[in-house]
Amino acid sequence: MRGYARKIRDQIPVLGTLVIVVIVWQVTTQYGIVPQYLLPSPTNIISTYFKSRVDWASQTLVTLREILVGFALGTALGIGLAFLVAESKIVNKVLMPYIVMTQVLPLVAIAPIIYITFGFNDTSRIILVILISFFPVVIGTETGLIDVDKNLVYLMQTLGAGEFKIFYKIRLPNSLPHMFDGLRISMTGATIGAIVAEFVSSNAGLGYLITTSLTTYEIATSFVAVFILAALGLVLYGAVTLASRVLMPWFKGR
Amino acid sequence: MQHIGKTYDTITGETVEALRDVSFDLKEEEVLGIVGPSGCGKSTLLRLMTGLEPPTNGQIQRGEKTGRFLVGFVFQDSSLARWRTVYENIRLPLEVLGRKDEGSVKKVIDLVGLSGFEKAYPSELSGGMQRRVAIARALVHQPTVLLMDEPFSGVDEITKEVLQQDLNYLIRTLAATAVFVTHDIDEAVYLSDQVLVMSNRPGTIIKTVTVNLPKVRDQSIRTQPEFVSSCAIIREKLQLLRPTTATRQSNEEKPDT
């Protein structure tokens with residue numbers, strides 16, 4: 001069977017299950033077995049999407065911006081910290097406890113503090129996304145930097161290579177697979193972080209829509225937002241995976 | 001190398017005397033093999049020759065030769081960069097040294113018999129082929145000395161004999177100076193002009209065997225009297241280092257040179 005045909009055939013179980021779930025859902029909600037104020041039917045959700053006054057595109061963009069900016073800055077921060085921590089054991093001992101502390105406190109508890117300090121604005125929301133997304137990158141990158149083939153470093157030294165050359169030619173490419181492990185986790189974290197930040201305080205975005213529509217009992221609206229969010233998360237995760245394939249053509253892992 | 005000794009501290013805090021009073025000369029275009037039991041300091045001796053770390057005792061003197069002292073190193077497990085293709089792996093020393101010499105890379109790829117595999121990644125190659133890449137990488141920059149640490153350990157016997165023959169031809173074609181460490185007595189005799197036999201730790205040389213065979217060798221050499229007797233001499237010296245019930249009569253043997 002040709003490649004594309006086989007790929008489609010392999011997806012049939014997944015899609016088939018999905019179709020069955022949707023049908024059961026539609027039937028149970030349409031005929032009142034499950035009330036629509038608890039679980040709107042699929043047709044309800046779809047029509048709400050089209051009929052609502054909400055500008056889905058611009059709301060999605062608000063959240064997307066928070067995710068992407070926070071992810072980018074969080075990644076930069078994570079990589080930077082990983083270098084410091086991998087380079088020096090002292091720095092490692094001093095910094096790591098603080099880094100870990102930022103992770104064990106729940107975001108909803110930290111959020112009010114950030115908002116009060118930096119204002120109830122987008123900056124605070126991005127800061128919260130940074131907080132949740134930088135940690136996996138630190139761990140992933142640090143593991144990648146430490147896990148280097150000592151023979152390769154020795155080889156470089158016999159050729160008179162300085163530390164920077166060794167870093168650029170050996171340590172950095174070597175750390176990419178582990179770094180991307182961190183990035184994939186970080187991306188999903190960034191998505192959650194943006195929504196949580198919006199839950200706590202916001203005036204726009206998918207998280208904002210979810211909370212406000214729930215308080216006004218427009219359940220269907222909140223479901224539309226949730227579905228858009230899920231789709232967005234999948235696309236972003238796929239983007240990271242795609243980037244890893246482009247930057248690491250030699251890697252057979254994923 | 002004169003009266004070389006090397007002592008170092010391990011991670012657990014012990015002091016290990018790896019080498020004691022090792023002396024030998026290495027001439028240009030000579031191939032030197034080093035055999036000895038595990039842990040006798042062979043690898044340490046090899047690494048001292050790179051000049052990255054000084055010996056604890058003794059001196060290393062290099063003859064006058066124009067140009068920079070460069071080594072090519074082949075590791076026991078190839079140690080290729082898995083994110084680089086065969087071509088890029090071999091080119092690495094040239095990059096570090098700042099030389100732009102694509103011709104050398106092609107030439108050495110041909111010499112090790114890997115033409116056509118330039119764009120392959122290490123993970124796509126067999127063990128034997130990875131060794132060839134490692135050897136090519138160690139020769140591409142025309143080093144003063146080629147150093148090899150058990151270059152064929154773990155390779156199956158059949159492939160190994162092919163690799164040994166190819167390596168011998170390669171070294172002689174390039175008129176290279178080489179030192180290698182091995183557990184394989186046959187390999188040591190096959191490839192070398194001289195073989196140093198080392199004792200248990202602290203390693204010292206208990207015998208130097210000169211191999212009187214033509215420089216370029218093929219498989220038929222393995223059955224020649226000179227080959228067999230050289231191997232026998234080495235084996236005999238190494239037997240005395242192994243405590244077995246069969247050699248109960250004298251386990252201690254004074255080192256003789």
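Labels below follow one simple rule: chain letters A, B, ... track the order of the sequence lines, proteins then strands, and each chain is numbered from 1.
Only the side chain of B:Arg84 has a heavy atom closer than 4.5 Å to any heavy atom of chain A. In this structure, the portion of A:Asp149 lying under 4.5 Å from any heavy atom of chain B is its side chain and not its backbone. Neither the backbone nor the side chain of A:Leu176 comes within contact range of chain B, judged by heavy atoms closer than 4.5 Å.
Heavy-atom contacts from other residues, nucleotides or ligands closer than 6.0 Å to OH of B:Tyr169 number 12 or fewer.
Between the side chain of A:Tyr154 and the main chain of B:Phe73, no donor-acceptor pair closer than 3.5 Å is present.
Contact tally against chain A (heavy-atom pairs below 4.5 Å) for B:Asp77, B:Leu80, B:Thr50: the top residue is B:Thr50. For the options A:Lys150, A:Gln157, A:Lys165, A:Lys169, heavy-atom pairs under 4.5 Å to chain B are most numerous at A:Lys169.
Between A:Leu206 and A:Ile195, the closest side-chain pair of non-hydrogen atoms falls below 4.5 Å.
Pairs engaging residues 66-111 of chain A under the ring pair (Phe, Tyr, Trp, His ring centres under 6.0 Å) rule: A:Phe83-A:Phe167 [sequence neighbours left out].
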Tell me which donor-acceptor pairs under 3.5 Å the side chains of residues 87-96 of chain A have, and how far apart each pair is, sequence neighbours excluded?
{"unit_1": "A:Ser88", "atom_1": "OG", "unit_2": "A:Ile90", "atom_2": "N", "d": "3.2"}
{"unit_1": "A:Ser88", "atom_1": "OG", "unit_2": "A:Val91", "atom_2": "N", "d": "3.0"}

